[in-house]
Amino acid sequence: MLAPVHELLLFTISIGAGFLGSILGIGGGMIIIPVLTLLLHVDIRYAIAASLISIVATSSGAAASFLKDHLTNLRVAVLLEIGTVFGAMCGFLISKHVQSSILFLTFGFFLLFSALMMLRKRGDSLSHHDHPWSKKLRLASSYPDALGHPVPYSVENVPAGLGLMFFAGIMSALLGIGSGILKVLAMDGAMKLPMKVSSATSNFMIGVTATASAGAYLIQGDVHPQIAAPVAVGIIVGSYFGARAMLHMHPKLIRQIFVVVLVVVSAQMILKGLHG
Amino acid sequence: MDELNKAQEDARLFNLELFISKFLRYGVLFAGLLIFIGWMSQIDFHHNIFESFSHYETVPLFQTLSALIAQHAWGLLTAYSGLIVLIALPLTRVALTAFVFLAERDYVLAFCALLVLFGLGLSFALGFEI
């Protein structure tokens, strides 16, 4: 095989990852890390660093779109970014002392968990009980319903949400993912934010979380343009087209197929972890 | 009255944050362009580049940059400059958000944004070998 074909293959797969990721509402990292490690035999630490760079690029570029829909709660985002950024810092420190096999195992189990989460039924359980911290920081807000009428909501369990965000930050830095699934769980599960608000706010925050560890990995020397460039550029291009194609596709069917793929890939990652 | 004030504050905050986010979009395009140009100009037609990344061996960024400057490897240097611009963008967003909260006299949230900025700085510092 001609040498540059590998890089062009990675670029093409990254376009697919960005396309699929934007349709399914997941980051491209969950697709690209198994491709880099299992298919191209790149060390998982370089794959994680490259994936984080692509997350920073897609999330920063799309921040304006997340705001325009009037669903993002800026105050909640800024508060919870404290948890994710300090969590990412711990995740980066942990990664220095963890063997590759442990990273493969953790990634495999996280993929399995993500597959289960993608199958769960999502529904709102709005709260009208404001936590004292929420009152102090004026976190309660409203979001427009289908007719554009404002639906008010309160914010519960702020300390629990911050704690879960800290964990999400650790996982993001350790595995090179956006941790959007964990962030949404913290916001709609613990803090009782409406699902749409949780998703939009999570997407808005992902870039800052990923930057905390991506910057550290870059300075440490783990980010290589030969890997990060095709991944980042490919995912940016793919997510651009994915966002436009989303209107004409059936995400439910794609989601069900993708869950099967995730389970298979997670099994391969776990096996690779077990065999060192 | 309080509700009305908060709604007006939120609307102002939203517009300023939207402006910052649009600015970031152009930043990402610029960084992406640098990364793309740098990557294309250094594609190796003779070796499978991924073979050299199958084993983990790390060289600090500043050591790599010094070596690339000495070798006049402008392609890789361009790609690295794109990566640095990209990483600087969310940092800029958080700094501007802190400034916006300060301008709105929302001191608690301004403090939160500054704490995030401090956390990012501290995290970057961890990347240096001590």
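Lettering follows sequence order; numbering is per chain, from 1. All values reported here derive from a predicted model rather than from experimental measurement.
- For A:Ser213, the part sitting under 4.5 Å from any heavy atom of chain B is the backbone (N, CA, C, O) and nothing else.
- By the 4.0 Å N-to-carboxylate-O rule, B:Arg93 lies close enough to A:Glu81 to be salt-bridged with it.
- Using a distance-only test at 3.5 Å, with no hydrogens or angles considered, a donor-acceptor pair links the side chain of B:Thr58 to the main chain of A:Gln220.
- Neither the backbone nor the side chain of A:Leu52 comes within contact range of chain B; no heavy atoms are under 4.5 Å apart.
- Of the listed residues B:Val108, B:Leu115, B:Leu24, the one with more heavy-atom pairs under 4.5 angstrom with chain A than any other is B:Leu115.
- For A:His224 and B:Phe53, the gap between ring centers is short of 6.0 Å.
- At a threshold of 4.5 Å between non-hydrogen side-chain atoms, the residues A:Phe86 and B:Val116 do not count as touching.
- Residue A:Leu40 touches chain B through both its backbone and its side chain, counting heavy-atom pairs closer than 4.5 Å.
- The shortest side-chain heavy-atom distance between B:Glu57 and A:Tyr46 falls under the 4.5 Å cut-off.
- Interface residue A:Leu10: only side-chain heavy atoms are found under 4.5 Å from chain B.
- Annotation: side chain of A:Gln226 is in contact with side chain of B:Gln42 (closest heavy-atom distance under 4.5 Å).
- Of the atoms belonging to A:Val42, heavy atoms from both backbone and side chain fall under 4.5 Å from chain B.
- A:Leu218 places none of its side-chain heavy atoms less than 4.5 Å from the side chain of B:Phe124.
- Residue A:Ala232 does not touch chain B at all, counting heavy-atom pairs closer than 4.5 Å.
- Looking at residues two or more places apart in sequence or on another chain, you find no salt bridge (Lys or Arg N to Asp or Glu O under 4.0 Å) involving A:Asp43.
- Ranked by heavy-atom pairs under 4.5 Å with chain B, the first of A:Pro230, A:Ala229, A:Gly207, A:Ala214 is A:Pro230.
- Ranking A:Leu36, A:Ile53, A:Thr37, A:Ile44 against chain B, the residue ahead of the rest is A:Ile53, based on heavy-atom pairs under 4.5 Å.
- Minimum interatomic distance between B:Leu126 and A:Phe92 (heavy atoms only, all atoms of both residues): O-CE2, 3.5 Å.
- In this structure, chain B has heavy atoms under 4.5 Å from both the backbone and the side chain of A:Val208.
- Against chain A, the residues from residues 78-90 of chain B that qualify, each with a non-hydrogen atom under 4.5 angstrom away, are B:Ala79, B:Tyr80, B:Leu83, B:Ile84, B:Leu86, B:Ile87, B:Pro90 in number order.
- In this structure, CG in B:Leu109 is found 7.0 Å from CG in A:Leu139, a value given to the nearest 0.5 Å.
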